[in-house]
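The structure under discussion appears below in the form of structure tokens.
From a predicted model like this one, the values you see are computed outputs, not experimental measurements. Position 1 is the first residue of the sequence, and the numbers go up from there.
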Amino acid sequence: MLRWSTVLARIGVGLAVALLVLLIALPLLGLVLRIAPGDLIHQLRQPIVLDALRLSLITSVTATMLVIGLGLPVAGLIATKEFPGKRALEVLIELPMVLPPTVAGLGLLLAFGRTGLAGRSLDALGISLPFSTAAVVLAQAFVAAPFFITASVAGFREVERRYLDTAATLGAPPLTQLIRVILPLSLPSLLAGAAMGWARALGEFGATITFAGNLQGVTQTMPLAVYLALEADLRAAVALAVLLLLVSVVLLLAVRTVAPRHRLSSAAHAVRHTP
């Protein structure tokens, strides 16, 4: 016989799960069921949608590559070294995750605008960032960087010391250990961080509209196009929103499918191929 406390606990957990699923699923169903597949394809052919899609893909991929190039050495440093100010650096990197997007955009504007901290020097060189495509990339990189770096640090820290010891015993120098052992073993986390960073960049709204504006074909990404279309063309807004939803679902499924499979074989592969 089950105790009443156990029964009530199970009912409470089941009710919480059901309510949470409804909270998340109902808005998504509201989007998907609002537009037919034929209408979705038709709306995706509209110039405003095509321009926003093209710009979003170009800027988000560029921002993700920028984040990976700059974030990988930083993640390796945080994961493997102890140094003064490390905690402050970690807090600084994670801050964009909790910072309101409009505040982030205002900060970018005050930093890189013509009268900003770095804007004066850039203006002297004839470089103007605000309300340009480059501003979109900067805004996306600003909000996406913490997702990649946090996941990368976790991946580096998960590498077991015995694999590095084995590589060192075999005569592998530190750089070889990094390339042949640490990176392969951390690759699932790196891929997950890159995917989440790209998704965050793709969905960025507040910082972009504050720092880069909303100019079609120049700074108007898909989230901004959704916002604009809500005032004039609800079908186009729904089509863009559904497209963003589909991209997010594909990304999450890819990360959860590929990463575990790679993790199972990466350790043996890394050590086996260490000279």
key: Heavy-atom side-chain proximity of I48 to Q220 below 4.5 angstrom   = yes
key: Value rounded to 0.5 Å, distance of CD in E158 from CG in L185   = 10.0 Å
query = Is the closest side-chain heavy-atom distance between E94 and T150 below 4.5 Å?
reply = yes
Linked, directly or transitively: V247 and L55 (ILVMFWY side chains, under 4.5 Å) = no
request  = Take L72 and F156 through the test side-chain contact (heavy atoms from CB on, under 4.5 Å) and record every step on the way to the result.
outcome  = CA-CA 10 Å; L72 203 56; F156 289 151; 4.0 Å; yes
request  = Heavy atoms only: give me the nearest A194-T64 pair and the separation to one decimal.
outcome  = O-CG2, 3.9 Å
message = Let me check something: do L66 and W198 share a hydrophobic cluster, defined by ILVMFWY side-chain heavy atoms less than 4.5 Å apart, either directly or through other members?
response = no
query = In terms of hydrophobic clustering (I, L, V, M, F, W, Y; side-chain heavy atoms under 4.5 Å; direct or indirect links), are L99 and F147 co-clustered?
reply = no
query = Quick check: are there more than 12 heavy atoms from other residues, nucleotides or ligands sitting under 6.0 Å from CE of M65?
reply = no
request  = Measure across P146 and P96 and return the closest heavy-atom pair with its distance rounded to 0.1 Å.
outcome  = CG-CB, 3.7 Å
List the atom pairs, with distances to 0.1 Å, where a side-chain N or O of residues 105-125 and a protein N or O form a donor-acceptor pair under 3.5 Å, not counting sequence neighbours.
from: R120; atom 1: NH1; to: T115; atom 2: O; distance (Å): 3.4
from: R120; atom 1: NH1; to: G116; atom 2: O; distance (Å): 3.4
from: R120; atom 1: NH2; to: T115; atom 2: O; distance (Å): 3.3

ask   = With a 4.5 Å heavy-atom cut-off, do T221 and F205 have their side chains touching?
value = no
message = Ignoring hydrogens, what is the shortest heavy-atom contact between A135 and P130? Give both atom names and the distance.
response = CB-CA, 4.2 Å
Side-chain (E204) to main-chain (G206) donor-acceptor, under 3.5 angstrom = yes
Flag side-chain contact, heavy atom, 4.5 Å: P223 against L244 = yes
ask   = Any side-chain heavy atom of I93 sitting closer than 4.5 Å to one from I78?
value = yes
ask   = So do L228 and L224 actually touch side chain to side chain, heavy atoms under 4.5 Å?
value = no
task = Output yes when a side-chain donor or acceptor of T219 lies under 3.5 Å from a complementary backbone atom of G213, and no otherwise.
result = yes
ask   = How many angstroms lie between atom CD1 of I68 and atom CZ of F148, to the nearest 0.5 angstrom?
value = 5.0 Å
request  = Starting at OG of S56, measure out to CD of Q140 and round the result to the nearest 0.5 Å.
outcome  = 7.0 Å
task = Say whether, by atom type as modelled, one donor and one acceptor occur between the side chain of K86 and the main chain of K81 under 3.5 angstrom.
result = yes
ask   = Got a second to check how far L53's CG is from L240's CG, nearest 0.5 Å?
value = 8.0 Å
ask   = Looking only at heavy atoms, what is the nearest atom pair of V67 and A145, with distance?
value = CG1-CA, 3.6 Å
message = Quick check on the hydrophobic clustering: are L28 and L20 connected, directly or via other members, by side-chain heavy-atom contacts under 4.5 Å?
response = yes
ask   = V137 pairs by side-chain contact (heavy atoms from CB on, under 4.5 Å) with which of I58, T62, V61?
value = T62
task = Apply side-chain contact (heavy atoms from CB on, under 4.5 Å) to the pair F131 and V218, showing each step before the final yes or no.
result = CA-CA 8 Å; F131 309 106; V218 180; over 6 Å; no
ask   = Between A212 and V136, which heavy-atom pair has the shortest distance, and what is it?
value = CB-CG2, 3.6 Å
Check: L89 and F83 side chains under 4.5 Å, non-hydrogen atoms = yes
key: Single-linkage hydrophobic cluster V49~L230, side-chain heavy atoms < 4.5 angstrom   = yes
note = For M222 and A52, the nearest pair of non-hydrogen atoms, with its separation, is CG-O, 3.5 Å
ask   = Are any side-chain N or O atoms of S132 and backbone N or O atoms of L129, one a donor and one an acceptor, separated by less than 3.5 Å?
value = yes
